Amino acid sequence: MKKILYIASKNPGKILEYKKLLSEVNCQLVLQPDFIEIIESGKTFKDNAAIKACEVSKKMKNYAIADDSGLCIEALNGKPGIHSSRYADNDQERIKRVLSELEGIEDRRAFFIANVCVASPVGELVLDIEARCYGNILLQSRGNNGFGYDPIFQEKNTELTFAEMTDDLKDKLSHRGKAASKVIPELIKIFSDI
Ligand code: IMP
């Protein structure tokens, strides 16, 4: 029987995302039960990913994986940062807010960051991975794919926005894709030993 890996999230979409991402890992992915309430009280992406993974693993007495990601803009001292998903009411408003805060500012450097943490069945952090994707914030949106801040984030090397990329290209270059490629070999090791 396959060992369980809980996904520390209540978002049902995460199951599909992780199933695709971790298809080479010998584990059964299960979404955390609804009764677990976690307050993301950390000051960093890593803290929040660690809090989620450790809480769920301790409560479920199984391995758990969690991620936390967002957009950090240099000229805004790292904002929206850990507040990326709550920066305004919806994606369009969030983009509007970022563009207005950057009005007249020449330095448009920004990066997406993803932290992924895995905790053991006793709630101990066993894996802590960070990956970044660097680029610039455009003056206006470009492209129709993706979600969140994708249309205003131009990746440094390709000069394409995330919203102009195919899913495959974004998976290769994005913070999330890079984090996944670091996580997979580690998880394969963990799940082959138990
Ligand atoms: P989460 O931690 O993956 O839920 O991401 C938090 C928030 O960061 C999202 O709601 C988006 O606003 C933003 N974000 C994270 N990753 C991306 C991305 O790849 N493209 C666009 N926005 C993102």
Side-chain angles (χ1 to χ4, degrees), residues 7-22 29 31-32 38-56 64-74 76 78-102 108-118 128-138 140-158 160-183:
I7 301 169
S9 168
K10 286 188 182 175
N11 175 357
K14 288 266 174 191
I15 276 274
L16 288 180
E17 185 187 322
Y18 272 99
K19 272 195 174 149
K20 188 174 162 212
L21 226 56
L22 304 182
L29 291 164
L31 208 58
Q32 78 169 66
I38 298 173
I39 298 167
E40 292 182 39
S41 54
K43 288 200 168 58
T44 63
F45 295 99
K46 186 217 150 160
D47 285 351
N48 282 334
I51 288 169
K52 290 185 275 188
C54 292
E55 278 294 304
V56 171
I65 187 167
D67 63 80
D68 206 43
S69 64
L71 176 67
C72 300
I73 300 173
E74 300 286 357
L76 302 180
K79 284 198 296 182
I82 56 169
H83 306 295
S84 291
S85 61
R86 306 184 289 273
Y87 214 44
D89 287 344
N90 56 53
D91 280 348
Q92 231 180 338
E93 293 296 319
R94 285 188 271 277
I95 285 179
K96 235 181 170 172
R97 178 170 175 190
V98 162
L99 292 182
S100 81
E101 287 178 344
L102 282 176
R108 316 286 294 193
R109 288 172 303 143
F111 59 87
F112 272 112
I113 183 168
N115 279 82
V116 179
C117 287
V118 175
D128 159 25
I129 274 161
E130 179 175 301
R132 294 180 181 200
C133 177
Y134 290 92
N136 292 293
I137 302 300
L138 296 176
Q140 56 187 40
S141 293
R142 232 174 52 200
N144 299 309
N145 302 330
F147 72 102
Y149 302 93
D150 280 353
I152 53 168
F153 180 80
Q154 183 186 48
E155 194 272 330
K156 201 174 167 187
N157 297 314
T158 58
L160 293 171
T161 68
F162 272 176
E164 291 174 313
M165 293 184 185
T166 59
D167 287 353
D168 281 352
L169 184 59
K170 186 182 170 190
D171 282 350
K172 230 182 262 164
L173 302 177
S174 75
H175 50 310
R176 219 183 308 280
K178 287 181 189 167
S181 65
K182 294 189 200 174
V183 167

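Fair warning: this is a prediction, and the values are worked out from it, not measured in the lab. Atoms within a ligand are numbered from 1 in the order they appear, just like the ligands themselves. By convention here, the first residue in the shown sequence is residue 1.
- Scanning both residues, Cys133 and His175, for their nearest heavy atoms gives CB-N, 3.6 Å.
- Using 4.0 Å as the threshold, Ser69 has a heavy atom nearer than that to some atom of ligand 1.
- Close contacts of ligand 1 with Asp68, meaning ligand atoms under 4.0 Å from a residue heavy atom, involve 2 (O).
- Ligand-side atoms of ligand 1 in range of Arg176: 3 (O), 15 (C), 16 (N), 17 (C), 18 (C), 19 (O), range being under 4.0 angstrom from any heavy atom.
- Taking a distance limit of 4.0 Å, we find that atom 4 (O) of ligand 1 is approached by no protein heavy atom.
- Applying the 4.0 Å criterion to heavy atoms of Lys170 picks out, from ligand 1, the atoms 18 (C), 19 (O), 20 (N).
- Remark: the backbone N or O of Arg142 is paired with a side-chain donor or acceptor of Thr161 at under 3.5 angstrom.
- With hydrogens left out, the protein atom closest to atom 10 (O) of ligand 1 is Ser85 CB, 3.3 Å, a heavy atom.
- Those atoms of ligand 1 with a heavy atom of Asp150 less than 4.0 angstrom away are 18 (C), 19 (O), 20 (N), 21 (C).
- The distance criterion of under 3.5 Å between nitrogen or oxygen atoms is not met by Asp91 with respect to ligand 1.
- Counting only heavy atoms of the protein, atom 14 (N) of ligand 1 lies nearest to Phe112 CE2, 3.8 Å.
- In this structure, Tyr149 OH and Ile95 CD1 are separated by 8.0 Å, a value rounded to the nearest 0.5 Å.
- Residues Lys170 and Asp150 come closest through the heavy atom pair NZ-OD2, 3.0 Å.
- Residue nearest to atom 22 (N) of ligand 1, selected from Tyr87, Phe45, Tyr149, Phe153: Tyr149 (by heavy-atom distance).
- A cation-pi arrangement is not found for Arg94 relative to Tyr87, the charged atom failing to lie both closer than 6.0 Å to the ring centre and inside a 45° cone about the ring normal.
- Under 4.0 Å is where a charged nitrogen must lie from a carboxylate oxygen, and between Lys19 and Glu17 no such pair does.
- Annotation: Gln92, atom CD; neighbour count of heavy atoms from other residues, nucleotides and ligands within 6.0 Å does not exceed 12.
- Summary of contacts: the protein heavy atom closest to atom 8 (O) of ligand 1 is Ser84 CB, 3.4 Å.
- Comment: Arg97 engages Glu101 in a salt bridge, judged by a side-chain N to carboxylate O separation of less than 4.0 angstrom.
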